[in-house]
Student: 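Structure in structure tokens, see below.
Heads up: numbering here begins at 1 and tracks the sequence.
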Amino acid sequence: MNIKEDIARQEQRKKDLSNVFKTKTAPKMRISTKERIEQAEKAQLQKILQALHDGKRTLPKDWERGYNAAVTAVELALTK
């Protein structure tokens, strides 16, 4: 055998073993309060938007402009 091949094989084995023993970072278990508030606000706005879309069919034609303004306001709040 060639000494260069032995050295290369040993280096490769060393790299393989070092990869085996590396620990992966644990996923983040705790969600911060700020993130929870943001998630709750988005969920609430989604429910409001869904309710507005569900109620669209029962609105009189006179209220259509106000309905569109309400939908736009909710959609703008969702994009923040």
Side-chain angles (χ1 to χ4, degrees):
M1 291 215 167
N2 191 357
I3 294 178
K4 288 183 181 180
E5 291 175 358
D6 287 340
I7 293 172
R9 194 171 347 115
Q10 287 175 354
E11 289 296 321
Q12 184 61 38
R13 185 169 182 253
K14 185 174 153 184
K15 287 179 185 176
D16 292 342
L17 287 176
S18 69
N19 288 338
V20 168
F21 295 112
K22 284 186 179 176
T23 58
K24 294 182 180 180
T25 58
K28 188 176 178 183
M29 300 300 286
R30 183 179 167 276
I31 298 174
S32 70
T33 304
K34 184 177 179 181
E35 290 174 358
R36 286 181 190 217
I37 291 171
E38 289 173 358
Q39 289 175 355
E41 286 175 347
K42 284 186 179 185
Q44 186 67 30
L45 289 171
Q46 287 290 347
K47 287 179 183 178
I48 291 169
L49 190 61
Q50 185 63 38
L52 284 172
H53 284 297
D54 290 344
K56 168 81 170 145
R57 295 184 212 124
T58 60
L59 287 178
K61 287 289 184 187
D62 300 342
W63 293 5
E64 192 167 330
R65 185 173 179 188
Y67 167 80
N68 290 335
V71 170
T72 301
V74 172
E75 288 175 346
L76 286 174
L78 272 173
T79 59
K80 279 187 175 180

Student: Please tell me if the side chains of Lys42 and Gln39 come closer than 4.5 Å, counting only heavy atoms from C-beta onward.
Tutor: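 When only atoms from C-beta onward are counted, Gln39 and Lys42 do not touch, as no gap falls below 4.5 Å.
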Student: Kindly compute the distance separating CD (Glu75) from CG (Asn68), expressed to the nearest 0.5 Å.
Tutor: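 It comes to 9.5 Å.
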Student: Quick one: CD1 on Ile37 to CD1 on Ile31, what's the gap to the nearest 0.5 Å?
Tutor: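 That separation rounds to 12.5 Å.
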Student: CZ/Arg9 to CD/Glu5 distance, rounded to the nearest 0.5 angstrom?
Tutor: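 CD of Glu5 is found 7.0 Å from CZ of Arg9.
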Student: Quick one: name the residues clustered hydrophobically with Leu49, using the 4.5 Å side-chain heavy-atom rule over I, L, V, M, F, W, Y, and just say none if it's on its own.
Tutor: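 Traced through the cluster, Leu49 reaches Leu45, Ile48, Leu52, Leu59, Trp63, Tyr67, Val71, Val74, Leu78.
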Student: Going by atom types only, do Gln10 and Asp6 share a side-chain donor-acceptor pair under 3.5 Å?
Tutor: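 No.
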